[in-house]
*Asks:* 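Quick one: the structure is below, questions incoming.
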Amino acid sequence: MADQSGRKHVAICGGGLVGALNACFMAKRGYFVEVFEMRPDIRSQEIVRGRSINLALSIRGREALSRVGMEDVIIQKGIPMYARMIHDISGTRRPIPYGRDKQNIMSVDRRLLNEVLLDAAEEYPNVKTYFNHKVQSCDFETGEIVFLKDDKETVTRKVDLIVGNDGAFSAIRRQMMKTVRFDYQQTYIPHGYMELNIPPTQNDEFAMEINYLHIWPRNEFMMIALPNLDKSFTTTLFMPFELYDSLKTEEQLMQFFHDKFPDSIPLLGEDHLKKTFFNSKALPMVSIKCHPYHVGSKAVIMGDAAHAMVPFYGQGMNCGFEDCIVLADMLDQYNDDFSKALPAYTEHRNPDAKAMCDLAMYNYIEMRASVNSPLFLLRKKLDNLLYTLFPRTWVPLYTTVSFTRTRYHQCIANREWQDKVLRDAGYSAAGMAFIGVILMLWARLSGTQDSSPAELISYLWGRVSEAINSWKS
Ligand SMILES: Cc1cc2nc3c(=O)[nH]c(=O)nc-3n(C[C@H](O)[C@H](O)[C@H](O)COP(=O)(O)OP(=O)(O)OC[C@H]3O[C@@H](n4cnc5c(N)ncnc54)[C@H](O)[C@@H]3O)c2cc1C
Ligand SMILES: COc1ccc2c(c1)CN(c1nc(C(=O)N(C)c3cc(Cl)c(F)cc3C(=O)O)c(Cl)s1)C2
């Protein structure tokens, strides 16, 4: 509960990316913040070379980092990606820029990001962090939480606000499900992901073009690679679990990569590919949507705990970071009155987070179905042409999602408007074509086919006027 000085006491459950950033947001408000993380302190863990995992940080996440003065320090530790580099099956590479004037997304190391944010949180005198503390139970009436330590001892706290930043399998969300009328939906997709690594070359250079998000799109499966500061690329393979299972021998694996990702073999290295593939398990990807995000004035969930999404937009962390901005804005608006700010947070954020989960799932389906199809590429080209012609009116979907802070549900509304315009344009183009065909046929029949279009139209207008006058008389 509020301590002697009347400061609000907040427990942040989960010291991952969102929990660590949220601790900075809450500390800046003057709360007494305690962060409880079930795992050991990652800063004391040994760094295993070639095992780095990276993430795409875009404007939404950067704005949240900026609000707590952490954007610059993180950006310095990242690599800008100005374009996608599409690797086709023949090994040909084709860049597709993210936008004009050097628009980019940042490749940042997940562990480094988490460590820097934990360090930043601990800089605040009103923040304390605890590791090896796992949420065991909590009571949303009293604000009581029980943590189990790795020595099997329990620690209890009674706080003003319980914040669930404990990820996709959140214990705080689980307790919410038992407490209030809680809508919950989770979907596992049939694809799994496996992380591989493209090391630097023999003379310690990047093995591929540096400032690109490398993609090997193969419809049913794909690979994606983001650069690291150590000149390696963290490469993620996305495939159906049954396809992983079907590759039982090294020969089968190598044949598959020869057929589908031939140019990646010398980059990954045959031994690394075999060793990693047969010593790792493909991991599942889940999409979770739920409502509400709060209970009374005592608890709120954010980040993957509230809206885990498939990674096919690179927005999960960016969305969770943006959650911190939205909650802070609500606390500002309601002068830190949790009984008002929390319901307002759910009302504002829930439609946007659900929209982002849907967009990511939609992109997963689209990437599988059509990334190489002419229609898909035509739409991309049309989008970019119209964006060039009408930059304030026609903003492509991925641009609104990854390069603006347009509310996610509004991104979908914009896209639906664009689809309607193109559909209507398609119809009217078809209509115009139909009229043109009729005109040409009429011209041929009336012997005027060798006149100019202008003469043809004035001739036909004359016939139409006669027809209207005779109809009137
Ligand atoms: C393959 C892949 C690629 C991705 N790429 C991107 C990308 O490019 N860009 C992007 O924005 N997002 C990306 N994401 C999504 C991103 O990783 C997540 O959205 C982000 O990590 C969510 O952060 P979080 O803090 O909410 O949850 P987590 O990062 O899962 O952190 C939750 C923390 O809570 C702790 N915890 C769990 N249970 C308890 C408990 N009971 N008690 C105490 N602590 C607990 C965990 O140990 C963990 O430290 C990707 C995800 C995947 C799977
Ligand atoms: C670490 O693991 C991962 C896994 C997946 C992603 C990322 C990191 C980062 N991701 C980004 N996606 C976009 C995007 O808007 N779209 C539509 C794309 C979606 C897909 Cl699936 C793709 F392959 C390219 C683009 C693209 O446009 O480049 C960004 Cl912008 S960044 C996806």
Side-chain angles (χ1 to χ4, degrees), residues 56-64 66 80-86 93-106 211-213 215 217 309 312-315 318-319 321-322 325-326 348-349 351-437 439 453-454 457:
L57 172 69
S58 41
I59 186 168
R60 297 173 197 268
R62 291 182 60 157
E63 173 61 24
S66 164
M81 300 181 285
Y82 298 103
R84 309 99 168 157
M85 184 62 86
I86 310 290
R93 298 179 187 184
R94 184 165 41 92
I96 304 182
Y98 279 114
R100 302 180 299 275
D101 38 302
K102 305 297 264 179
Q103 262 187 327
N104 67 79
I105 41 171
M106 294 300 289
N211 299 99
Y212 292 84
L213 187 149
I215 311 171
M309 59 189 76
F312 300 96
Y313 240 110
Q315 279 296 314
N318 286 287
C319 183
F321 279 10
E322 193 176 57
I325 298 177
V326 176
H348 182 98
R349 195 54 175 168
D352 286 327
K354 283 180 173 175
M356 190 57 235
C357 287
D358 291 341
L359 277 169
M361 189 63 83
Y362 168 76
N363 207 44
Y364 159 68
I365 293 160
E366 186 181 67
M367 293 290 287
R368 280 173 51 199
S370 56
V371 69
N372 292 314
S373 86
L375 205 60
F376 175 84
L377 297 171
L378 174 69
R379 177 60 192 266
K380 286 270 178 208
K381 287 187 172 24
L382 190 56
D383 263 343
N384 289 341
L385 171 67
L386 292 169
Y387 183 37
T388 307
L389 296 173
F390 313 105
R392 268 189 294 283
T393 316
W394 195 281
V395 186
L397 176 60
Y398 85 86
T399 306
T400 54
V401 170
S402 303
F403 293 94
T404 76
R405 286 202 57 220
T406 306
R407 291 187 62 181
Y408 287 123
H409 83 274
Q410 193 54 52
C411 294
I412 290 184
N414 288 346
R415 173 67 173 207
E416 286 168 348
W417 173 79
Q418 291 171 352
D419 290 347
K420 183 179 181 316
V421 166
L422 290 181
R423 226 181 3 259
D424 295 354
Y427 291 143
S428 45
M432 299 293 276
F434 177 70
I435 292 167
V437 166
L439 287 174
I457 288 185

*Asks:* Quick check: does any side chain N or O of Tyr408 sit under 3.5 Å from a backbone N or O of Arg349, one acting as donor and the other as acceptor?
*Replies:*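 It does not hold such a pair.
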
*Asks:* Please report the closest heavy-atom contact between Tyr387 and Pro396, naming both atoms and the distance.
*Replies:*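 Shortest heavy-atom separation between Tyr387 and Pro396 comes out as CG-CD, 3.5 Å.
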
*Asks:* For the pair Asp352 (side chain) and Arg407 (backbone), establish whether a donor and an acceptor sit closer than 3.5 Å, ignoring hydrogens and angles.
*Replies:*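 Answer holds: no.
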
*Asks:* Looking at side-chain heavy atoms only, is the closest gap between Gln418 and Leu386 below 4.5 Å?
*Replies:*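 A side-chain contact is absent here, since even the closest heavy-atom pair is not under 4.5 Å.
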
*Asks:* Is a side-chain N or O of Asn318 found less than 3.5 angstrom from the main chain of Leu57, in a donor-acceptor match?
*Replies:*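 Not at all, since once roles are kept as given, no pair shorter than 3.5 Å links the two residues.
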
*Asks:* Could you report the tightest heavy-atom contact between Gln315 and Ser58, atom names first, then the distance?
*Replies:*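 The answer is NE2-OG, 3.0 Å.
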
*Asks:* Roughly how far, to the nearest 0.5 Å, is OG1 of Thr406 from CD1 of Ile59?
*Replies:*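 Between atom CD1 of Ile59 and atom OG1 of Thr406 there are 9.0 Å.
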
*Asks:* Roughly how far, to the nearest 0.5 Å, is CG of Asn104 from CG of Leu213?
*Replies:*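 One gets 11.5 Å once the value is rounded to the nearest 0.5 Å.
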
*Asks:* Does some side-chain heavy atom of Pro97 sit less than 4.5 Å from a side-chain heavy atom of Gln103?
*Replies:*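 Not in contact.
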
*Asks:* Does Arg60 make a cation-pi contact with Tyr313, if we ask for NZ or CZ under 6.0 Å from the ring centre and within 45° of the axis?
*Replies:*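 Here Arg60 fails the 6.0 Å and 45° test against Tyr313.
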
*Asks:* Students often mix this up, so state it plainly: with edges at 30° and 60°, are the rings of Tyr364 and Phe312 parallel, tilted or perpendicular?
*Replies:*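 Aromatic pair Tyr364/Phe312 classed tilted.
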
*Asks:* Asp358 vs Lys354, test: salt bridge (Lys or Arg N to Asp or Glu O under 4.0 Å). Steps then yes/no.
*Replies:* CA-CA 6 Å; Asp358 291 341; Lys354 283 180 173 175; over 6 Å; no

*Asks:* For Ala56 and Met81, which heavy atoms make the closest approach, and how far apart are they?
*Replies:*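 Taking every non-hydrogen atom into account, CB-CE, 4.5 Å.
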
*Asks:* Does any N or O in the side chain of Arg84 come within less than 3.5 Å of the main-chain N or O of Pro95, such that one atom is a donor and the other an acceptor?
*Replies:*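 Between the backbone of Pro95 and the side chain of Arg84 there is no qualifying donor-acceptor contact (under 3.5 Å).
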
*Asks:* Please identify which of these residues, Phe403, Tyr82, Tyr212, meets the ring pair (Phe, Tyr, Trp, His ring centres under 6.0 Å) condition with Tyr98.
*Replies:*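 Exactly one pass, corresponding to Phe403.
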
*Asks:* If we ignore hydrogens and angles and just use 3.5 Å, is the side chain of Arg94 paired with the main-chain N or O of Met85 as donor and acceptor?
*Replies:*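 Looks like no, no N/O pair under 3.5 Å.
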
*Asks:* Got a salt bridge between Asp419 and Arg415, using NZ or NE/NH1/NH2 to carboxylate O under 4.0 Å?
*Replies:*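 Salt bridge flag = yes for Arg415 with Asp419.
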
*Asks:* Do Gln410 and Asn414 have a side chain donor and acceptor closer than 3.5 Å?
*Replies:*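 Judged by distance alone, the side chains do pair up.
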
*Asks:* Measure the shortest side-chain to side-chain distance between Leu382 and Trp394 over non-hydrogen atoms and say whether it is less than 4.5 angstrom.
*Replies:*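 Not touching, per the 4.5 Å side-chain cut-off.
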
*Asks:* Any side-chain heavy atom of Leu359 within less than 4.5 Å of one from Leu397?
*Replies:*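 Yes. Closest side-chain heavy atoms under 4.5 Å.
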
*Asks:* How many angstroms lie between atom CZ of Arg405 and atom CZ of Arg62, to the nearest 0.5 angstrom?
*Replies:*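 Those atoms lie 13.5 Å apart.
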
*Asks:* Indicate the atoms forming the closest heavy-atom contact of Asn211 with Pro80, along with that distance.
*Replies:*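 Heavy atoms of Asn211 and Pro80 come nearest at ND2-O, 2.8 Å.
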
